[in-house]
Amino acid sequence: MAGWERLKAFITKKITGIFSFLIYSSIYLSLAGAAMVYISCVLQHIKCSLSLLAIMFLATFSVYNINRKTDEKEDAINYSDRYSFTSRYWRVLSTSAILAYILAIALALCYGVKTTLISAIPLICGILYSIAWLPKKFKYRRLKEIPFVKNLVVAFAWALTPALLPVYSVSFSMNAMTLIIIIFFFTLVFINSVVFDMRDTEGDTSSGVKTIPVIIGLPKTIKSLSGLNIFSGIIILPLSLSYLSMKLTYILVTGMIYANFYILFSNKKKMTNLLCDAVADGQFILFGSLLYIAE
């Protein structure tokens, strides 16, 4: 019996270690980015290709690993395990991040200038988000320090890119379905960014970063995010019925319900940072899997 318990502990430790690696290296998040492109292709009835998935995967991997360096001060407090990992493997991660974006741009060039520009959105927004480029006389030096604006920038970058990549890769024009997807992605990514801020309040407060949860408090933040989720659902679902089958519309409804679940439970003590990352970032992997099964 004791041997079985040791074996279970060993297996659990190994699985946790692998999962931690996927989360802290941003590979898991990159898979979520690729899943967003797949979702966008399916909902817009555009053939998905491995190169499109790779562009989003590589861009996500690159931007988030570079961003980890600019977030070190906050991560040391809020995400000590992730901070230890990224500090230890920074050279490998930084080199991989640079090479990843070069490869992403090279793949995008195969589709043309418009696709290349779309694929550059995360990088441009990431630079504007993290670098101190605002005038010294201004109260804030980086966009990430400006309440609400930081969340808008993140949502803007990670909604437009996966929604538009498939469109311009095949020279299609934006239509109503593209707009629905942008709203859907924008809402969920915005919610994710604020949910992470909810768990970062200690580090953000100590470093002087004014986030939405720091300003209005956690209870009001939860209510506001739930309200936003419901409001976007009221807009998206009636529109989607005109362009999607009931089966695909049900999946969108599932997405809204799922989002409300982690809004309500992400601040619970049982929701560790690792689990919160897995639940929030994994939503698009789940939706993509459901769409693949539904097709």
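Reckoned from all heavy atoms, side chains included, excluding hydrogens, waters and symmetry mates.
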Side-chain contact, heavy-atom cut-off 4.5 Å: [X] with [Y]?
X: M174; Y: L179; answer: no
X: C125; Y: Y129; answer: no
X: M177; Y: L244; answer: yes
X: V63; Y: Y101; answer: yes
X: S232; Y: F190; answer: no
X: V42; Y: C48; answer: no
X: F186; Y: L152; answer: yes

Please report the interatomic distance [atom1]([X]) to [atom2]([Y]), rounded to the nearest 0.5 Å.
X: I222; Y: I216; atom1: CD1; atom2: CD1; value: 10.0 Å
X: N151; Y: I212; atom1: CG; atom2: CD1; value: 4.5 Å
X: L164; Y: T161; atom1: CG; atom2: OG1; value: 7.5 Å
X: L225; Y: K220; atom1: CG; atom2: NZ; value: 14.0 Å
X: S40; Y: I46; atom1: OG; atom2: CD1; value: 6.5 Å
X: I18; Y: I23; atom1: CD1; atom2: CD1; value: 13.0 Å

What is the minimum heavy-atom distance between [X] and [Y], and which atoms define it?
X: P213; Y: T221; result: CA-OG1, 3.3 Å
X: I105; Y: S119; result: CD1-OG, 3.6 Å
X: S240; Y: L252; result: CB-CD1, 3.9 Å
X: D281; Y: A32; result: O-CB, 3.1 Å
X: K47; Y: C41; result: O-SG, 4.4 Å
X: D197; Y: K150; result: OD1-NZ, 2.9 Å

*Show the numbers, then the answer: is there a side-chain contact (heavy atoms from CB on, under 4.5 Å) between V189 and F156?*
CA-CA 9 Å; V189 176; F156 172 84; over 6 Å; no

*Take Y111 and L52 through the test side-chain contact (heavy atoms from CB on, under 4.5 Å) and record every step on the way to the result.*
CA-CA 9 Å; Y111 291 99; L52 283 178; 4.0 Å; yes

*Step by step, work out the side-chain contact (heavy atoms from CB on, under 4.5 Å) result for T187 and F231.*
CA-CA 10 Å; T187 301; F231 178 73; over 6 Å; no

Would you say [Y] ends up clustered with [X] if hydrophobic residues are merged whenever their side chains have heavy atoms under 4.5 Å apart, either directly or through other cluster members?
X: I234; Y: L239; result: no
X: L117; Y: V37; result: no
X: I55; Y: L99; result: no
X: M198; Y: F148; result: yes
X: L165; Y: L109; result: yes

*Report the C-alpha distance between I27 and F21 in whole Å, list the side-chain angles of each, state the deciding distance to 0.1 Å, and finish with yes or no for side-chain contact (heavy atoms from CB on, under 4.5 Å).*
CA-CA 8 Å; I27 291 175; F21 169 77; 3.8 Å; yes

*Hey, what else clusters with Y250 if you join Ile, Leu, Val, Met, Phe, Trp, Tyr whenever side-chain heavy atoms sit under 4.5 Å?*
L241, M246

Look at the rings of [X] and [Y] and say which category their plane angle falls in: under 30° parallel, 30 to 60° tilted, over 60° perpendicular.
X: F85; Y: Y24; result: tilted
X: F287; Y: F184; result: tilted
X: Y258; Y: Y262; result: perpendicular

*Say whether, by atom type as modelled, one donor and one acceptor occur between the side chain of N65 and the main chain of F61 under 3.5 angstrom.*
yes

*Main-chain N/O of I118 paired with Y168 side-chain donor or acceptor, under 3.5 Å*: no

*Does a sphere of radius 6.0 Å around OH in Y243 hold more than 12 heavy atoms from other residues, nucleotides or ligands, not counting ones at 6.0 Å or beyond?*
no

*For a side chain to side chain contact (heavy atoms under 4.5 Å, CB included) with P162, tell me which candidate from F185, Y38, F284 qualifies.*
F185

_Distance-only side-chain donor-acceptor flag, N229 / S226, under 3.5 Å_ = no

